[in-house]
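All values derive from a computational prediction rather than experimental measurement. Letters A, B, ... mirror the listed sequences (proteins, then strands); counts begin at 1.
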There are 2 protein chains.
Amino acid sequence: MNLLTRNTDYAVRALIYMSGKHPERVSTADLDRDLHLPRPFMRKILQILQKAGYLASVKGKNGGFTLAKVPSRIHLTELIALFQGPVSMGDCLFRKKLCDCADGCPLRRVIKGIEAMALARLKSVTLASLTGA
Amino acid sequence: MNLLTRNTDYAVRALIYMSGKHPERVSTADLDRDLHLPRPFMRKILQILQKAGYLASVKGKNGGFTLAKVPSRIHLTELIALFQGPVSMGDCLFRKKLCDCADGCPLRRVIKGIEAMALARLKSVTLASLTGA
DNA sequence: TTGTAATGATACCATATAAGTATCATTTGT
DNA sequence: ACAAATGATACTTATATGGTATCATTACAA
Ligand code: FES
Ligand code: FES
């Protein structure tokens with residue numbers, strides 16, 4: 001059960017790389033050269049990050065991307081949400097409820113508890129904390 | 001991000017049904033009739049549960065399955081492991097480590113903490129707790 | 001003793017999602 | 001004008017999940 005899909009993984013790597021180069025521009029060619037990640041895939045990911053406001057882009061020759069937010073304001077949970085949909089296990093785990101018990105369900109209670117705890121802790125993980133800054 | 005896949009889901013439903021009928025035998029035909037779950041798929045799932053020791057089976061006419069463990073000894077985590085592989089997010093989330101930091105990695109620390117907590121709580125969820133017994 | 005209703009074992013197919021590629025248009029520095 | 005970059009978007013491939021099908025075996029019962 002993998003918590004992160006590959007695009008999230010790659011996105012984080014790219015962002016870390018960029019935070020290291022900042023405020024220098026970084027192109028997909030640079031990432032390809034230094035990180036060896038599939039280039040057109042990377043390109044797609046960067047475009048998504050740009051649209052979402054994490055990166056600023058400059059077109060044309062010598063163009064590229066730069067970080068548009070400070071690393072301490074980029075939360076891993078947001079990136080997961082962006083690439084994999086919202087991190088929420090709050091609903092009934094089963095496709096169709098097992099129990100009628102709106103609140104009595106023990107499984108549901110347990111899951112909700114876990115979720116709250118997990119989200120709270122995950123929120124502390126930012127790009128800054130990953131770079132050790 | 002769904003925590004349970006469909007075979008786990010169906011397995012739990014079947015087990016709950018059987019715990020209700022116990023010690024009466026239950027056939028896939030019964031499950032099909034009462035639970036309306038895809039019959040041959042269900043069959044496969046029951047066979048897995050049987051091999052894993054959760055069900056006892058009787059072949060031939062009027063054959064079927066019965067629970068082979070008491071509901072309080074059937075843990076949801078075991079079923080998840082059986083159908084979806086081990087529930088362990090202990091490893092580095094990224095395919096290839098981001099940081100060299102064997103222990104310094106903040107993400108890793110957070111994840112490990114979440115895992116320990118989640119597993120501890122999930123262990124309390126058994127078939128018995130789901131049936132309200 | 002033969003037919004039928006069940007499971008055992010296992011191979012196969014279908015569908016959805018993730019992963020990755022390709023293409024053409026647009027922008028910009030030289 | 002050309003080259004090197006991104007923007008937008010469509011397409012293809014790989015993998016995992018979900019689901020079927022088939023044949024063998026067992027057991028009851030008329
Ligand atoms: S509401 Fe889903 S198991 Fe109780
Ligand atoms: S060991 Fe994986 S991010 Fe640190």
Side-chain angles (χ1 to χ4, degrees), chain A residues 1-14 18 21 24-33 35-68 79-80 82-86 94-96, chain B residues 1-14 18 21 24-33 35-68 79-80 82-85 93-96:
Chain A
M1 195 182 51
N2 226 330
L3 190 48
L4 299 188
T5 59
R6 220 167 275 194
N7 36 24
T8 311
D9 183 332
Y10 293 172
V12 172
R13 289 169 196 279
M18 289 185 179
K21 295 288 187 184
E24 200 179 319
R25 268 180 217 151
V26 174
S27 69
T28 51
D30 297 329
L31 290 170
D32 187 17
R33 175 169 29 72
L35 264 41
H36 309 292
L37 304 176
R39 188 161 169 171
F41 191 29
M42 203 62 235
R43 225 159 94 63
K44 196 163 69 169
I45 291 168
L46 293 178
Q47 291 187 346
I48 292 171
L49 287 171
Q50 188 273 326
K51 271 189 195 169
Y54 295 98
L55 299 178
S57 70
V58 175
K59 290 173 79 170
K61 194 158 186 172
N62 300 322
F65 299 88
T66 52
L67 264 189
L79 297 174
I80 294 177
L82 182 59
F83 289 103
Q84 317 182 22
F94 299 93
R95 320 257 151 175
K96 206 184 146 215
Chain B
M1 194 183 50
N2 226 329
L3 190 47
L4 299 188
T5 60
R6 220 166 275 197
N7 36 22
T8 310
D9 182 332
Y10 292 173
V12 172
R13 288 168 197 279
M18 289 186 179
K21 294 288 186 183
E24 198 179 321
R25 267 180 218 151
V26 174
S27 69
T28 50
D30 296 330
L31 290 169
D32 187 17
R33 176 168 29 73
L35 264 44
H36 310 292
L37 306 175
R39 189 161 169 171
F41 191 30
M42 204 61 235
R43 228 158 93 63
K44 196 162 70 171
I45 291 168
L46 294 178
Q47 292 187 345
I48 292 172
L49 288 171
Q50 188 272 325
K51 271 190 194 165
Y54 295 99
L55 298 178
S57 70
V58 175
K59 289 174 79 172
K61 195 158 183 173
N62 298 321
F65 300 87
T66 53
L67 263 190
L79 297 175
I80 294 177
L82 182 60
F83 290 103
Q84 315 181 25
L93 289 187
F94 299 93
R95 320 256 153 178
K96 206 183 148 220

Would you mind telling me which residue lines up with the more 5' stretch of DNA chain C, Arg39(B) or Pro40(A), judged by nearest nucleotide? Arg39(B)

Side-chain N or O of Gln50(B) less than 4.0 angstrom from OP1 or OP2 on dG8(C)? yes

Separation of dT7(C) P from Tyr54(B) OH (nearest whole Å): 20 Å

Nearest-Å distance, CZ (Phe41(B)) to P (dC13(C))? 18 Å

Main-chain N/O of Asn62(B) paired with Arg25(B) side-chain donor or acceptor, under 3.5 Å: yes

With a non-hydrogen cut-off below 4.0 angstrom, is Pro38(B) in contact with a base, only sugar-phosphate, or nothing? sugar-phosphate

Against the side chain of Phe65(A), the closest entry in dT6(D), dT20(D), dT26(D) is dT6(D)

Upstream residue (5' side of DNA chain D) when Gly64(A) and Asn7(B) are each assigned their closest nucleotide: Gly64(A)

Starting from P on dG19(D), measure out to CD on Gln47(B) and report it in whole angstrom. 17 Å

Measure distances between side-chain N and O atoms of Lys44(A) and base N and O atoms of dG20(C), and say whether any donor-acceptor pair falls under 3.5 Å. yes

Pick the nucleotide of DNA chain D nearest each of Asn62(B) and Thr28(A); which residue has the one closer to the 5' end? Thr28(A)

Just wondering, do Leu46(A) and Thr28(A) contact through their side chains at under 4.5 Å, heavy atoms? yes

May I ask you to say what Lys51(A) touches in the nucleic acid, namely base, sugar-phosphate or nothing, with a heavy-atom cut-off under 4.0 Å? sugar-phosphate

What's the closest nucleotide to the Lys61(B) side chain, out of dT25(D), dT4(C), dT28(C)? dT4(C)

Nearest whole angstrom, please: distance from the P of dA19(C) to the CG of Leu37(A). 13 Å

Asp30(B) CG to dA5(C) C1', straight-line distance once rounded to whole Å: 12 Å

Taking side-chain contact (heavy atoms from CB on, under 4.5 Å) as the criterion, tell me which of Leu67(A), Asn7(A), Leu79(A) meets it with Leu49(A). Leu79(A)

Length of the line joining Ile45(B):CD1 and dT17(D):C1', which is rounded to integer Å: 11 Å

dA5(C) P sits how many Å from Arg33(B) CZ, rounded? 14 Å

Closest non-hydrogen atoms of Leu31(B) and Met18(B), given as atom of the first, atom of the second and distance, are CD1-CE, 4.1 Å

Nearest to side-chain heavy atoms of Ser27(B), which nucleotide of dA19(C), dC28(D), dA6(C): dA6(C)

Please check the phosphate of dG20(C) (OP1 and OP2 only) for any side-chain N or O of Tyr10(A) closer than 4.0 Å. yes

Ser57(B) vs dG8(C): side-chain N/O to OP1/OP2 distance below 4.0 Å: yes

Is a side-chain donor-acceptor pair under 3.5 Å present for Glu24(A) with Thr66(A)? no

Quick one: Met42(A) CE to dA22(C) P, roughly how many Å, whole number? 18 Å

Does a distance-only test, which skips hydrogens and angles, find a donor-acceptor pair under 3.5 Å between the side chain of Arg43(B) and the base of dG8(C)? yes

Any salt bridge linking Asp9(A) with Arg6(A)? Criterion: basic side-chain nitrogen under 4.0 Å from a carboxylate oxygen. no

